[in-house]
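A short worksheet on the structure shown next.
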Amino acid sequence: MRTQVGIVGGGPAGLLLSHLLALRGIDSVVLELRSREYCERRVRAGVLEQGTVDVLTAAGVGERLRREGLPHDGIELRYGGGTHRIAFEKLVPGRNITVYGQQEVVKDLIEARLAAEGKIHFEVDDVRVHDLDGSPYITYGDGQRLDCDVIAGCDGFHGVTRASIPEDALTTFQRDYPFAWLGVLARVPPSAEELIYARTPKGFALHSMRSPEVSRFYLQVPTDTREEDWPDERIWAELKERLSTVPGFTLHTGPILEKSVTPMRSFVTEPMRHGKLFLAGDAAHIVPPTGAKGLNLAVADVTVLTDALAHWYATGETGLLDSYSATCLRRVWRAQHFSWWMTHLLHTFDDEDAYGERLQTSYLDYVTSSEAAATTLAENYVGMALGRL
Ligand code: FAD
Ligand code: DHB
């Protein structure tokens with residue numbers, strides 16, 4: 001089999017890349033380890049930046065997102081017995097975020113690809129990439145081979161593509177955090193109209209949502225946490241304790257539909273390219289989810305990669321492909337800093353002394369009382385416009 005762009009991984013990065021390339025008349029094949037059902041059911045991100053919504057809409061996959069997505073013009077920061085709104089409409093006029101589940105984006109993209117007879121192979125195992133400096137090809141399954149002009153590594157943090165690059169060709173940067181997030185999906189109407197990021201002495205908690213009937217929550221938990229340690233009653237008791245800290249707030253409870261533990265990590269690979277292999281999304285970088293940036297970075301990467309590939313196919317010039325990594329890394333590092341900063345601002349650290357805790361409170365007080373500081377948070381949260389970074 002032969003294609004122009006061989007794409008490893010059918011998450012948001014791989015699927016959107018395939019779709020954007022098709023719109024430019026470029027052929028691709030997506031090889032995905034998991035089943036379609038698994039990919040469509042994997043509960044993860046929920047916050048789409050304005051730029052991400054714009055890209056999906058311009059690509060013709062924004063119809064359901066426009067109907068079912070929940071636009072938000074602010075978030076709440078809750079700490080020290082008070083709650084404070086960061087008002088996007090005032091601080092970054094005309095820009096906001098939309099709450100829409102990642103698995104809904106994945107469903108929309110799979111549907112669009114298959115409707116256009118795009119090639120996605122699910123449940124493909126033993127994917128390996130070869131001859132990255134020459135005539136690249138991918139082998140998989142029992143002896144299948146896909147020849148291509150270039151390979152896109154969109155196979156997430158634990159994928160095979162980054163691992164296929166010789167170690168001395170990459171520089172990696174990493175921070176691991178001494179806690180994890182327990183993510184919870186519950187069939188219960190949201191208890192507030194906006195997202196609530198709460199810092200409490202018992203740790204961080206986040207109130208989010210998916211629809212008028214479904215809420216999404218996250219709790220800071222120890223790294224060795226197992227889902228079995230958290231029966232439903234314990235989850236609700238802990239969420240109540242961490243979120244019901246201001247008068248007038250009542251946490252609604254209901255049946256829990258899903259729970260999972262996510263480690264917290266910051267990670268960047270440089271460069272995001274090796275020969276004819278281009279890394280995109282989580283395959284190249286990870287952020288802790290506190291800033292809600294991972295999915296948005298994946299979308300930004302494949303937007304840049306599509307332009308670079310389209311330019312190369314149209315003109316034979318490699319300039320944009322050569323600058324792909326540097327272009328993406330500017331945005332990646334901004335998101336790295338923002339995610340690291342939000343994580344430090346809102347979590348409790350076991351090794352933190354009273355001095356560290358006072359610094360955290362001081363910064364929260366600053367962000368919630370100074371328009372300049374609040375604007376910094378708002379501008380980063382809604383996302384820097386594509387091209388400005
Ligand atoms: P992935 O989604 O990981 O997709 C990679 C794909 O490759 C998968 O389908 C996988 O099955 C496949 N694959 C892996 N190995 C192979 C292989 N060997 N061969 C073939 N296929 C393979 N981001 C946000 O922007 N906003 C948020 O609010 C947010 N919240 C989050 C909350 C949680 C709890 C978590 C875990 C993440 C969150 N993120 C958020 C991050 C976001 O989910 C990821 O950044 C996003 O999934 C990255 O997309 P991707 O396509 O690069 O990688
Ligand atoms: C959600 C996830 C995040 O990581 C975040 O910062 C905000 C919201 C969510 O899944 O809704």
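Read the numbers this way: they start at 1 and go in the same order the structure lists the ligands and their atoms.
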Could you check whether the rings of Phe179 and Phe349 sit parallel, tilted or perpendicular, using 30° and 60° as the cut-offs?
perpendicular
Tell me, which protein residue and heavy-atom name are nearest atom 18 (N) of ligand 1, and how many Å apart are they?
Val160 CG1, 3.5 Å
Between Leu295 and ligand 1, find which residue part has any heavy-atom pair under 4.0 Å and reply side chain, backbone, both or neither.
both
Geometry only, no angles: is Ala13 polar-contacting ligand 1 at N/O separations under 3.5 Å?
yes
Contact between ligand 1 and Gly183 is defined here as a heavy atom of the residue under 4.0 Å from a ligand atom; is it met?
no
Examine Asn296 against ligand 1 and note whether any of their N/O atoms are separated by less than 3.5 Å.
yes
With the 4.5 Å side-chain cut-off for hydrophobic clustering, are Phe217 and Val261 part of the same group?
yes
Ranked by distance from atom 52 (O) of ligand 1, the top protein heavy atom is Asp282 N, 2.9 Å
Treating Ile, Leu, Val, Met, Phe, Trp and Tyr as nodes and any side-chain heavy-atom pair under 4.5 angstrom as an edge, say whether Leu182 and Tyr177 lie in one connected cluster.
no
How far is atom 43 (O) of ligand 1 from its nearest protein heavy atom, and which residue and atom is that?
Gln102 OE1, 2.7 Å
Gln50 side chain to Asn96 main-chain N or O, any donor-acceptor pair under 3.5 Å?
yes
Does Tyr381 have Arg95 sitting over its ring (NZ/CZ under 6.0 Å from centre, angle to axis within 45°)?
no
Just checking, any donor-acceptor pair under 3.5 angstrom between side chains of Arg216 and Tyr218?
yes
Give the residue, atom name and distance (to 0.1 Å) of the protein heavy atom nearest atom 4 (O) of ligand 1.
Gly11 CA, 3.5 Å
Quick check: does any side chain N or O of Asn296 sit under 3.5 Å from a backbone N or O of Val47, one acting as donor and the other as acceptor?
yes
What's the spacing between Thr269 OG1 and Gln174 CD if we round to 0.5 Å?
9.5 Å
Can you check whether Gly46 has an N/O within less than 3.5 Å of an N/O in ligand 1?
yes
Looking only at non-hydrogen atoms, which of Ile138, Ile7, Asp155 approaches atom 15 (N) of ligand 1 most closely?
Asp155
Which is it for Ser260 and ligand 1 at heavy atoms under 4.0 Å: side chain, backbone, both or neither?
neither
N or O pair under 3.5 Å between Gly294 and ligand 1
yes
Just need the protein heavy atom nearest to atom 12 (C) of ligand 1, so name the residue and atom and give the distance.
Glu32 OE1, 3.2 Å
Could you name the option among Pro263, Pro12, Ala45 that has the heavy atom nearest to atom 49 (O) of ligand 1?
Pro12
Treating Asp73 as the side-chain partner and Glu89 as the backbone partner, does any N or O pair qualify as donor plus acceptor under 3.5 Å?
no
What is the nearest protein non-hydrogen atom to atom 22 (C) of ligand 1, stated with its residue, atom name and distance?
Leu33 CB, 3.6 Å
Below a 4.0 angstrom heavy-atom separation, can you tell me which part of Leu31, side chain or backbone, both or neither, approaches ligand 1?
backbone
Tell me: protein heavy atom nearest atom 36 (C) of ligand 1, and distance?
Thr262 CG2, 3.4 Å
Given that the side chain starts at C-beta and the backbone is N, CA, C, O, which of these parts of Tyr218 lies under 4.0 Å from ligand 1, counting heavy atoms, or is it both or neither?
side chain
Listing by chain and number, which residues have a heavy atom under 4.0 Å from ligand 2?
Arg44, Ala45, Gly46, Val47, Trp181, Leu195, Tyr197, Leu206, Ser208, Arg210, Arg216, Tyr218, Pro289, Thr290, Ala292
Flag yes if Leu251 and Ile256 sit in one hydrophobic cluster, no otherwise; membership is Ile, Leu, Val, Met, Phe, Trp, Tyr, and two members link when side-chain heavy atoms are under 4.5 Å apart.
yes
For Arg42 and ligand 1, answer yes if some heavy atom of the residue is under 4.0 Å from a ligand atom, otherwise no.
yes
Identity and distance of the protein heavy atom lying nearest atom 3 (O) of ligand 1
Arg44 NH1, 3.1 Å
